**Q** 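Before we start, here is the structure in question, set down as structure tokens.
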2 protein chains.
Amino acid sequence: MRVSTKGRYALRVMLYLAEHYTFGYISVKDIAKEEDLSPKYVEQIMCKLTKASLIMAVRGAHGGYRLTNSPSHYSVGQIIKATESYTEFAPCANSDGGTCPRYKKCISADVWQLVQSTVEELLNNLTLTDLLRMQQNKLGTPSLYLTYLPHLKKID
Amino acid sequence: MRVSTKGRYALRVMLYLAEHYTFGYISVKDIAKEEDLSPKYVEQIMCKLTKASLIMAVRGAHGGYRLTNSPSHYSVGQIIKATESYTEFAPCANSDGGTCPRYKKCISADVWQLVQSTVEELLNNLTLTDLLRMQQNKLGTPSLYLTYLPHLKKID
DNA sequence: AATTATCCTACTTTTAAAGTGGGAATATTA
DNA sequence: TAATATTCCCACTTTAAAAGTAGGATAATT
């Protein structure tokens, strides 16, 4: 019962992009360095996020990625759905019961459906903006990024 | 983000034992047959449940397993905790943040903690009795077990 | 004594997670 | 136009965990 690194890293990456939403395009190299992740692995994750249209890319020098929309448009649920291979707690956690032949008489399926819908409800209603707000409460407003990544210029 | 077969089967096994709570000791062979699971694998699961004191065993002919307490004493949470290897959604889903060095500044940890506590709350408050009641609503009271397992005698 | 069960430990197989490698395509800069 | 910096894409490797097996020791019943 664990979210894989793909989903967890994806959330961190999306949070990073949300924090730097006004900085324009950000490269995998920078994200990987700041988040202390393997660049190649981050690339894989970016691929999934791009295919799900959560982010946009520009190639070449000074290219990189950015959110396609402002942070408030993204729920954690969306991000997990786009990156995790198994989104379900059990094969029968779907409302159609999946392929299990015992589905109709098996009450444990109802348990997994309940867990499933509870978690989905929670994550679908939690946006990146919510998380950024939580982070500010946790740390105070951090705006030191330019000191660490001086080549990034804030745009308006 | 999936509960392993160990945890899922364990729930089914415990539900089976709960349904047959008044039938005395029930063997792995019978459980495996009725639930359509590998007997050897069920044995492994029984071992975990026994070590967690959720069930008791008697060896030898007409031996088997039974719940140590009545069904109302068991929550789904307990059963999962006893059988799953990873009970956490992320290494940092614990209130102590686990071993992640980014824990203090990383807001995504808060997300996993929130999911964690939500699911725990849900599963800890869902008892086998609740599930048996749900099952009756789903199917009507099923009491045909003696036809399938005639060697089992109902005791009072 | 034979049978029916749990107990226990170790092993095998299968699957998915996690991460790498390298070259093609594309954009920018000098 | 050449060099450079990036994404893009596909295939591959490694590692770890899930899933399931095997077999003999122990204990209770018949």
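Here is the naming used below: chain letters follow the sequence lines, and residue numbers restart at 1 for every chain. For the numbers below, each heavy atom of this structure counts, side chains included, while hydrogens, waters and symmetry mates do not. As the structure is a computational prediction, the values presented were derived from the model and not from experiment.
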**Q** Both B:Lys29 and A:Gly63 contact DNA chain C. Taking the nearest nucleotide for each, which residue is further toward the 5' end?
**A**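 That would be B:Lys29.
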**Q** Quick one about A:Ser4 and A:Glu84 (side-chain donor to acceptor, distance below 3.5 Å, no hydrogens or angles considered), yes or no?
**A** yes
**Q** State whether the side chain of A:Asn94 and the backbone N or O of A:Asp96 hold a donor-acceptor pair below 3.5 Å, judged by distance alone.
**A** no
**Q** Side chains of B:Tyr9 and B:Ser38: do they bring a donor and an acceptor to under 3.5 Å?
**A**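 Note: B:Tyr9 and B:Ser38 side chains miss the donor-acceptor criterion.
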**Q** Would you tell me if any nitrogen or oxygen in the side chain of B:Ser4 comes within less than 4.0 Å of OP1 or OP2 on D:dA18?
**A**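 Answer no for this pair, as no side-chain N or O of B:Ser4 is under 4.0 Å from OP1 or OP2.
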**Q** Using the test side chain to side chain donor-acceptor pair (under 3.5 Å), find all partners of A:Ser75 that sit at least two apart in sequence or belong to another chain.
**A** none
**Q** Provide, to the nearest angstrom, the distance between the CD1 atom belonging to B:Ile55 and the P atom belonging to C:dA5.
**A**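 Spelled out: CD1 on B:Ile55 to P on C:dA5 is 16 Å.
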**Q** Using only heavy-atom distances, determine whether the side chains of B:Thr129 and B:Tyr74 contain a donor-acceptor pair under 3.5 Å.
**A** no
**Q** Rounded to whole Å, please give me the gap between OH in A:Tyr9 and P in C:dA18.
**A** 7 Å
**Q** Summarise how protein sits on nucleotides 7-15 of chain C as a single string, 5' to 3': B when a protein heavy atom is under 4.0 Å from the base, S for sugar-phosphate-only contact, - for no contact.
**A** BBBB-----
**Q** If I take atom NZ in residue A:Lys48 and atom P in nucleotide C:dA18, what distance separates them, rounded to the nearest angstrom?
**A**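 For the pair A:Lys48 NZ and C:dA18 P, the rounded distance is 12 Å.
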**Q** In this structure, how many angstroms lie between the P atom of D:dT13 and the OH atom of A:Tyr41, rounded?
**A**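 From A:Tyr41 OH to D:dT13 P: 18 Å.
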**Q** Is the charged tip of B:Arg2 near the ring of A:Phe89: under 6.0 Å from the six-membered ring centre and within 45° of its axis?
**A**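 Output no; distance or angle outside limits.
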**Q** Between A:Ser38 and C:dT20, is there a side-chain N or O to OP1/OP2 distance below 4.0 Å?
**A** yes
**Q** Can you check the A:Ile45 CD1 to C:dG19 P distance for me, whole Å?
**A**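 Answer to the nearest Å: 9 Å.
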**Q** Between D:dC9 atom C1' and A:Leu49 atom CG, what is the distance in whole Å?
**A** 16 Å
**Q** Assigning hydrophobic clusters by single linkage (Ile, Leu, Val, Met, Phe, Trp, Tyr; side-chain heavy-atom cutoff under 4.5 Å), is A:Leu132 placed with B:Tyr103?
**A**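 Not linked; separate clusters.
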**Q** Just the rounded figure in Å: distance from C1' of D:dT7 to CG of A:Asp30.
**A** 14 Å
**Q** Would you mind reading off the distance between A:Leu37 atom CG and C:dT20 atom C1', rounded to a whole angstrom?
**A** 15 Å
**Q** Pick the nucleotide of DNA chain D nearest each of A:Met1 and A:Ala61; which residue has the one closer to the 5' end?
**A**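 Final value for this comparison: A:Ala61.
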**Q** By nearest heavy atom, map B:Pro39 and B:Ser85 onto DNA chain D; which one lands nearer the 5' end?
**A**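 On the 5' side of the pair lies B:Ser85.
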